[in-house]
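Structure, as structure tokens:
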Amino acid sequence: MPLFSVEGLQPGARVIPQRTGSLVPVGFGLLGRVINGIGQPIDGKGELDAERYVPMQGETINPLSRHPIDTSLDVGIRSINGLLTVGCGQRLGLFAGSGVGKSVLLGMMTRYTSADITVVGLIGERGREVREFIDHSLGPDGMARSVVVASPADDSPLMRLRAAELTTRIAEYFRAQGKRVLLLMDSLTRYAQAQREIALAVGEPPATKGYPPSVFARLPRLVERAGNSQEGAGSITAFYTVLTEGDDQQDPIADAARAILDGI
């Protein structure tokens, strides 16, 4: 859906279609593709076959309209299915230090889950890990029904911030089509750190361990966009990885995430 600008104010002024950064691509044509934080393809497979261009911010769902969590979702890992059963529409956190296998666990979910569509957000990870996750963790079978939004660590903080929001927006679109969506974001901590960089750069004072207040305001706004929609519609079951540096469970981001997620 392009926007339009008008040259001049005289009768017969020429109307020029133009696409703005506030609109992002969505649609089933994104399946199997890798895009960056502003919706541009980075996989070398040509232009995206987007069905629509929609605003970055989706519509807010009335909490009383959300369907309750009453159906389990097979995430493809027997230990989780048997001991920590996941419900369709839950928002869960994976809390651990770096290098302990969080990305491998997410990759197993993408390949074996019973969800209709998987949307993966690789936010602030090492660039080397992006290719490895796509080739080895996802594989051809997992990639065929997945959309990957990648913004590695050397991207600007604004790009990392937008990548996390774009990941959620794409998942919202598929939910609106009645699909059961598995949303995997690695990691929520990098999203918070990107917002910290931006806030400190514009002069916002640091509060809790160097994190400005806007960080803790953005986290619930992002997480609350996942979950169930109205009864009979689709759902977003979300897993967010949260880094606990040195296994510090009192890290401010880990502490805030525990308060807004449904389980850990």
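Under the 4.5 Å side-chain contact rule for hydrophobic residues, I123 and L158 share a cluster. Taken together through direct or relayed side-chain contacts under 4.5 Å among Ile, Leu, Val, Met, Phe, Trp and Tyr, V223 and I69 form parts of separate hydrophobic clusters. Residue I38 is not grouped with residue V147 when hydrophobic side chains (ILVMFWY) are merged at heavy-atom distances under 4.5 angstrom, including chains of intermediate members. When hydrophobic clusters are built by joining Ile, Leu, Val, Met, Phe, Trp and Tyr residues whose side-chain heavy atoms come closer than 4.5 Å, directly or via intermediates, I198 is not grouped with M159. One hydrophobic cluster holds both V86 and M108 under the rule that ILVMFWY side chains link at heavy-atom gaps under 4.5 Å.
Remark: D49 pairs with no residue by the salt bridge (charged side-chain N to carboxylate O under 4.0 Å, His left out) rule, at least two apart or across chains. E204 meets the salt bridge (charged side-chain N to carboxylate O under 4.0 Å, His left out) test with no other residue; sequence neighbours excluded. Residues passing the salt bridge (charged side-chain N to carboxylate O under 4.0 Å, His left out) test with E51, sequence neighbours excluded: none. With sequence neighbours left out, the ring-ring contact (aromatic ring centres under 6.0 Å, His included) criterion links Y112 to no other residue. Every ring-ring contact (aromatic ring centres under 6.0 Å, His included) that F174 has, sequence neighbours left out, goes to F28.
For the atom pair CD1 of I35 and NZ of K45, the computed distance is 13.0 Å after rounding to the nearest 0.5 Å. Once rounded to the nearest 0.5 Å, the distance linking CZ of R91 with CG of L183 reads 11.0 Å. To the nearest 0.5 angstrom, K179 atom NZ is 14.5 Å from S229 atom OG. Between atom CZ of residue R221 and atom OG1 of residue T60 there is a gap of 10.5 Å, rounded to the nearest 0.5 Å. Of the inter-residue distances, the one linking T168 atom OG1 with M185 atom CE reads 4.0 Å to the nearest 0.5 angstrom. From S79, atom OG reaches atom CG of L84 across 7.5 Å, with rounding to the nearest 0.5 Å.
Residue pairs satisfying the ring pair (Phe, Tyr, Trp, His ring centres under 6.0 Å) criterion with at least one member in residues 148-171, sequence neighbours excluded, are absent. Judged as a ring pair (Phe, Tyr, Trp, His ring centres under 6.0 Å), not a single pair has a partner in residues 134-155 (not counting sequence neighbours). Pairs passing the side chain to side chain donor-acceptor pair (under 3.5 Å) check and including a residue from residues 139-150, sequence neighbours excluded, do not occur. Among residues at least two apart or in separate chains, there is no ring pair (Phe, Tyr, Trp, His ring centres under 6.0 Å) pair with a member in residues 185-220.
No side-chain donor-acceptor contact under 3.5 Å links S151 to the backbone of G37. The main-chain N or O of G142 is never found under 3.5 Å from a side-chain atom of R111 such that the two would form a donor-acceptor pair.
Across all non-hydrogen atoms, the minimal contact from A150 to V130 is CB-CG1, 3.9 Å.
The environment of CZ in R78 is sparse: at most 12 heavy-atom neighbours from other residues, nucleotides or ligands sit within 6.0 Å.
Put simply, the residue from T167, N36, I42 that forms a side chain to side chain contact (heavy atoms under 4.5 Å, CB included) with V149 is T167.
In summary, R169 and E172 engage in a salt bridge, as defined by a charged side-chain N under 4.0 Å from a carboxylate O. The residues R160 and D155 are annotated as not salt-bridged, no charged nitrogen and carboxylate oxygen being separated by less than 4.0 angstrom. We find that R218 and E165 are joined by a salt bridge, their nearest charged nitrogen and carboxylate oxygen being less than 4.0 Å apart.
Put simply, the side chain of R196 reaches to within 4.5 Å of the side chain of P212, judged on heavy atoms. V148 has its side chain within reach of M143: a pair of non-hydrogen atoms, C-beta onward, lies under 4.5 Å apart.
Through side-chain heavy atoms spaced under 4.5 Å, either directly or across other Ile, Leu, Val, Met, Phe, Trp or Tyr residues, L200 is tied to no other residue.
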Can you give the donor-acceptor pairs under 3.5 Å from side chains of residues 232-242 to other protein atoms, not counting sequence neighbours?
residue: T237; atom: OG1; partner: G89; partner atom: N; Å: 2.9
residue: T241; atom: OG1; partner: D186; partner atom: OD1; Å: 2.6

Identify every side-chain donor-acceptor pair in residues 114-122 under 3.5 Å, counting partners at least two apart or on other chains, and give the distances.
residue: S114; atom: OG; partner: D74; partner atom: N; Å: 3.4
residue: S114; atom: OG; partner: D74; partner atom: O; Å: 3.3
residue: D116; atom: OD2; partner: R180; partner atom: N; Å: 2.9

